Amino acid sequence: GENVEQHPSTLSVQEGDSAVIKCTYSDSASNYFPWYKQELGKGPQLIIDIRSNVGEKKDQRIAVTLNKTAKHFSLHITETQPEDSAVYFCAASASGSARQLTFGSGTQLTVLP
Amino acid sequence: DVKVTQSSRYLVKRTGEKVFLECVQDMDHENMFWYRQDPGLGLRLIYFSYDVKMKEKGDIPEGYSVSREKKERFSLILESASTNQTSMYLCASSLGGVQAETQYFGPGTRLLVL
């Protein structure tokens with residue numbers, strides 16, 4: 001089945017700096033790659049997603065890039081703010097069942113004021 | 001507004017007890033999911049359902065069962081709770097169809113099995 005690896009597990013940045021989180025996946029048939037943000041005491045919430053026919057997608061301070069050849073995708077957050085502090089999860093669609101997502105292990109991002 | 005609710009935020013049970021975790025969505029979604037979340041392991045899929053009375057095993061179904069009698073409600077059952085089932089349980093739903101799409105999560109139930 002699909003395997004998704006996520007790095008780093010923890011990341012601290014100064015407010016205003018950029019943050020990058022990277023994920024690799026194993027199943028070359030995967031074609032949907034969402035990113036979720038989980039704030040303390042809440043369930044994960046989608047922040048951005050990308051499908052395999054697109055190499056990059058941007059939404060204000062957040063961008064995701066996808067390299068299908070290398071089977072990796074990354075989340076980029078620019079001009080980080082304290083409210084960006086949260087756990088971030090990447091995910092990939094499983095080839096066996098397109099409804100399913102396989103999640104990475106998560107990255108705890110801390111933005112220092 | 002999209003809403004997924006879970007019956008309890010915190011639950012404490014004894015080893016061997018039967019435990020029911022309830023999830024309700026008000027978005028008329030076809031698909032519903034149960035995950036468990038453990039530190040360093042991310043979210044792991046226990047079971048999912050793509051229609052009423054339909055269910056499919058996820059990656060870690062052992063020790064769990066599910067029930068979906070109505071479209072809006074998806075229940076996770078621990079037949080005989082064990083200490084290694086202490087975890088955060090997250091329910092999610094998505095619109096429907098075979099294409100992977102946005103999943104909407106509930107706030108989670110933190111279960112402690114003593």
Side-chain angles (χ1 to χ4, degrees), chain A residues 1-10 21-27 29-53 57 59 64 66 73 86-108, chain B residues 1-6 8-10 21 23-25 27 29-51 54-61 68 74 88-110:
Chain A
E2 175 70 279
N3 183 48
V4 176
E5 293 193 0
Q6 182 172 346
H7 300 280
S9 56
T10 61
I21 303 170
K22 299 182 179 181
C23 288
T24 60
Y25 61 98
S26 60
D27 189 343
S30 290
N31 60 3
Y32 175 64
F33 307 93
W35 286 88
Y36 285 81
K37 176 184 181 182
Q38 185 177 27
E39 296 175 338
L40 205 59
K42 296 184 178 180
Q45 186 172 13
L46 180 79
I47 54 171
I48 196 166
D49 57 10
I50 193 168
R51 296 196 184 266
S52 59
N53 56 347
K57 186 176 178 181
D59 183 4
V64 56
L66 171 65
F73 56 112
V87 179
Y88 291 82
F89 293 98
C90 63
S93 65
S95 60
S97 172
R99 300 178 186 91
Q100 289 182 258
L101 295 175
T102 300
F103 284 83
S105 53
T107 296
Q108 173 69 63
Chain B
D1 199 16
V2 165
K3 199 158 187 185
V4 178
T5 56
Q6 295 183 229
S8 305
R9 294 300 303 271
Y10 301 95
L21 302 182
C23 175
V24 177
Q25 50 94 3
M27 297 163 284
H29 282 174
E30 302 282 341
N31 303 328
M32 296 188 75
F33 308 83
W34 274 108
Y35 295 90
R36 65 176 281 175
Q37 180 178 8
D38 300 288
L41 297 178
L43 280 66
R44 293 180 291 166
L45 183 64
I46 304 171
Y47 267 98
F48 71 100
S49 168
Y50 54 90
D51 202 353
M54 303 302 289
K55 61 184 179 184
E56 284 197 27
K57 292 180 180 180
D59 298 319
I60 51 164
R68 192 161 181 207
F74 192 34
M88 170 71 87
Y89 290 88
L90 290 162
C91 175
S93 70
S94 67
L95 185 59
V98 297
Q99 191 175 23
E101 60 211 347
T102 304
Q103 293 187 13
Y104 297 88
F105 285 84
T109 296
R110 190 168 291 281

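Residue numbers start from 1 in every chain, and the chains themselves are labelled A, B, ... in the order their sequence lines are given, proteins ahead of strands. From a predicted model like this one, the values you see are computed outputs, not experimental measurements. Below, all heavy atoms of this structure are taken into account, side chains as well, without hydrogens, waters or symmetry copies.
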With a 4.5 angstrom heavy-atom cut-off, could you sort out which part of B/Leu43 is near chain A: side chain, backbone, both or neither?
both

Quick check on B/Arg110 against chain A: is it the side chain, the backbone, both or neither that has a heavy atom closer than 4.5 Å?
neither

Chain B shares the most heavy-atom pairs under 4.5 Å, among A/Gly106, A/Pro44, A/Gly43, with A/Pro44

What's the separation between atom [atom1] in [X] and atom [atom2] in [Y], rounded to the nearest 0.5 Å?
X        : Y        : atom1 : atom2 : value
A/Leu101 : B/Tyr35  : CG    : OH    : 5.0 Å
A/Tyr36  : B/Phe105 : OH    : CZ    : 5.5 Å
B/Gln37  : A/Phe89  : CD    : CZ    : 4.5 Å
A/Lys42  : B/Leu90  : NZ    : CG    : 14.0 Å

Give a yes or no on this: more than 12 heavy atoms of other residues, nucleotides or ligands lie within 6.0 Å of atom CD of A/Gln108.
yes

By a 4.5 Å heavy-atom criterion (distance strictly below it), what part of A/Pro34 contacts chain B: side chain, backbone, both, or neither?
neither

Going by the rule salt bridge (Lys or Arg N to Asp or Glu O under 4.0 Å), which residues pair with B/Asp51 if we only count those two or more places apart in sequence or in a different chain?
none

Please identify, among B/Cys91, B/Gly40, B/Pro39, the residue contributing the most non-hydrogen atom pairs under 4.5 Å to chain A.
B/Gly40

